[in-house]
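One structure is given below, encoded as structure tokens.
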Amino acid sequence: MNGHLEAEEQQDQRPDQELTCSWGRRPRSALDRAEAMAPPPPPPLAASTPLLHGEFGSYPARGSRLALTLTPQALHIQRLRPKPEARPRGGLVPLAEVSGCCTLRSRNPSDSAAYFCIYTYPQGRRGGRRRAARTFRADGAAAYEENRAEAQRWATALMCLLRGLPLPGDREITPELLPRPPRLLLLVNPYGGRGLAWQWCKNHVLPMISEAGLSFNLIQTERQNHARELVQGLSLSEWDGIVTVSGDGLLFEVLNGLLDRPDWEEAVKTPVGILPCGSGNALAGAVNQHGGFEPALGVDLLLNCSLLLCRGGSRPLDLLSVTLASGSRCFSFLSVAWGFVSDVDIQSERFRALGSARFTLGTVLGLATLHTYRGRLSYLPAAVEPASPTPAHGLPRAKSELTLAPAPAPAPPVAHSPLHRSVSDLPLPLPQPALASPGSPEPLPILSLNGGGPELVGDWGGAGDAPLSPDPLLPSPPSSPKALLSPITEGVLEMPASSGLPPPTPDALGAISTGGPPDHLLPPLGTPLPPGWVTLEGDFVLMLAISPSHLGADLVAAPHARFDDGLLHLCWVRGGISRAALLRLFLAMERGSHFSLGCPQLGYAAARAFRLEPLTPRGVLTVDGEQVEYGPLQAQVHPGLGTLLTGPPGRAGQEP
């Protein structure tokens, strides 16, 4: 049968969608999940290898015919009638810009056509992404069931390619190839991003993950360390990933909460992700680069990271255990800073209302009052030194690319962990009232096409202004008994009423973890270091120990770093540097080219552990941007201790 249809690009205002998709089958434990998330390797295909080809009709426009060709990297669209186009506008849809797709049907019983819709986020001429939906009409057969099978074949093939699942070479492409959708727990800090985090989440994140067919529960955090408390009490077997919608601080709470559990060895393997809605979005900047996207800020960075999350895929994440002067420990996924970087980070807190611009203002003020700090830095060099950092180094490809893998879940238990202010598209029983999920289907008015076209019902709004009803690829999982469901209210979740006070200040002591692996490379603080360590003593302007590549969304401090390279990347600037030279370093860091400036005060070493002993009585120390007690500290890297949701690697994130 011919596949049929055509599409008009629609900039819709209702981004809801229907297609059921998934990242794999649910493992029995978090450790099993980390191993089982990788889909079977697809057969090696050239990027231009045609996988499907067919003719489709247009929707909502009538009369046009399109030829569609699906390859491993893109959907190619060519107009056949009324007039073929040599260079059709929008004729190439890269799969990297597709969040999901769904199948639809007409409400009119006399319409035998079936439909499928793809959701795309193409970049405009100025670089920003804008949502578009394209709907195609499969009408090559007289019977609806045949047209439906063809629409489902295309939608299934698209979803398999998006999820990295192999297409069968010797059997039919049917919806049974698709696993069931994963369950994600979204944690939103409503104070993030100048107080815009919830608005961005509602307008951008929830629509996109609904288009991708991901199931979710969403919680707004209400206080400092709320996320830490939540993950400590979660039944982690109910979730396939925990995603923070905020800056780096919320993920810091989540990881330390997981490592503070009695079952930390299994809990810390729970995949975690970050969708940037804060002022500090360093890890999101590294994820964005790993995915092959150009550097981005604000909503553009959020959309890029959301697209990568929808694609699925994860990789091991190195974590640092940091022992403070009091003997307590916390775990870092990002950095430990002393001197200029930590001064700017903490002193700019009073400008938090400016968003990421607070760091620019803080840098200017820090340069005006530049300080030096006397101290002693000791480190255990890495066994194999990486190549000297240069801007040519990108983020290498993951050693293992994993895909979240939920299996059909059993009926949910009667009681879950308390989820507080929660919204959900899942029928999960919560002991506290839950609010309606913005991602849940909302009825739209029945529309009629101009010119006497077919009437269709827009129950999901999946095709934008196209009034079509969803035709799921897979049957929905059985819902729990009504008596167990949380009460659902009408309307959208509102921000908690503001008291007029600024958000709570960080509580460093509340972020201490008591669990986690032992630090076998570190002797107790205050005792001599073993042989093989290197010690530097003198005046420093800054010291930075960083794990991933980015110090900020637009600051590439260690351009050659990988999420799982097992290394600490130590950078320091000695005293004696001029303000102009320091400014040049940070401007070059936006491109990751600061090591090529030849600055004599700039130093670098790859290490497995380090100890910092400030010899200046006053100063600021930060771990992942959170201020901690001032005094001696030491840290070591624990390779691949966590699991980070990164999406598939792009060209910039592939190993040579």
Donor-acceptor check, side chain of N288 to backbone of N304, threshold 3.5 angstrom: yes or no?
no

Non-hydrogen atoms of T103 and A155 that approach each other most closely:
CG2-CB, 3.7 Å

Inter-residue atom distance L187.CG - N217.CG, 0.5 Å rounding
10.5 Å

Rounded to the nearest 0.5 Å, what separation is found between the OH atom of Y121 and the CZ atom of R129?
10.5 Å

Within the side chain of R163, is there an N or O that forms a donor-acceptor pair under 3.5 Å with the backbone of C310?
yes

Mind checking what makes side chain to side chain contact (heavy atoms under 4.5 Å, CB included) contact with A113, not counting sequence neighbours?
D111, Y115, R137, D139

Could you work out, with side chain to side chain contact (heavy atoms under 4.5 Å, CB included) as the rule, every residue matching A96, not counting sequence neighbours?
R311

Flag side-chain contact, heavy atom, 4.5 Å: Q152 against T174:
no

Close side-chain approach of T270 and I242, heavy atoms under 4.5 Å:
yes

Closest heavy-atom pair, V205 versus S306, reported as atoms and distance to 0.1 Å, is CG2-OG, 4.0 Å

Please work out whether the ring planes of F563 and H290 are parallel, tilted or perpendicular, with thresholds of 30° and 60°.
perpendicular

What are the two closest heavy atoms between P207 and N203, and how far apart are they?
CG-O, 3.5 Å

Which heavy-atom pair separates C160 from L167 by the least distance, and what is that distance?
CB-CD2, 3.6 Å

Which atom of P168 lies closest to which atom of E172, heavy atoms considered:
CG-O, 3.8 Å

Between T71 and T49, is any pair of side-chain heavy atoms under 4.5 Å apart?
no

Which of these, L283, L186, L185, I274, sits in a side chain to side chain contact (heavy atoms under 4.5 Å, CB included) with T244?
I274

H204 and R131, any side-chain heavy atoms less than 4.5 Å apart:
no

For G128 versus D300, what's the shortest heavy-atom pair and its separation?
CA-OD1, 3.4 Å

I'd like to check L275 versus V243 (side-chain heavy atoms, cut-off strictly below 4.5 Å). Are they in contact?
yes

State, yes or no, whether a side-chain contact exists between I118 and L75 at a heavy-atom distance under 4.5 Å.
yes

For R105 and Y144, run side-chain contact (heavy atoms from CB on, under 4.5 Å): C-alpha distance rounded to whole Å, both residues' side-chain angles, the deciding distance at 0.1 Å, then the answer.
CA-CA 9 Å; R105 68 170 300 175; Y144 167 73; 3.4 Å; yes

Do the side-chain N and O atoms of T120 and E97 include a donor-acceptor pair separated by under 3.5 angstrom?
no

Can you tell me how far CD of Q78 sits from NE2 of H53, rounded to the nearest 0.5 angstrom?
8.5 Å

Please check if the side chain of N189 supplies one atom and the backbone of L250 the other of a donor-acceptor pair under 3.5 Å.
no

Do S110 and N108 have a side chain donor and acceptor closer than 3.5 Å?
yes

How many angstroms lie between atom SG of C101 and atom CG of L161, to the nearest 0.5 angstrom?
10.0 Å

Nearest 0.5 angstrom please: C201 SG to M208 CE, how far?
11.5 Å

Please examine the side chains of L68 and W154, heavy atoms only from C-beta on, and report whether any two atoms are closer than 4.5 Å.
yes

Salt bridge flag under 4.0 Å for residues D240 and R183:
no

Can you find a heavy atom in the side chain of R79 that is under 4.5 Å from one in the side chain of L66?
yes

Trace of the side-chain contact (heavy atoms from CB on, under 4.5 Å) decision for W198 with C277
CA-CA 8 Å; W198 167 244; C277 288; over 6 Å; no

What verdict does the side-chain contact (heavy atoms from CB on, under 4.5 Å) test give for L645 and V272, after you've listed the backbone C-alpha separation in whole Å, the side-chain angles of each residue and the deciding distance to 0.1 Å?
CA-CA 6 Å; L645 296 169; V272 297; over 6 Å; no

For the pair L218 and V188, evaluate side-chain contact (heavy atoms from CB on, under 4.5 Å) and give the outcome as yes or no after the intermediate values.
CA-CA 7 Å; L218 181 147; V188 182; 3.8 Å; yes

Roughly how far, to the nearest 0.5 Å, is CD of E145 from OG of S112?
11.0 Å

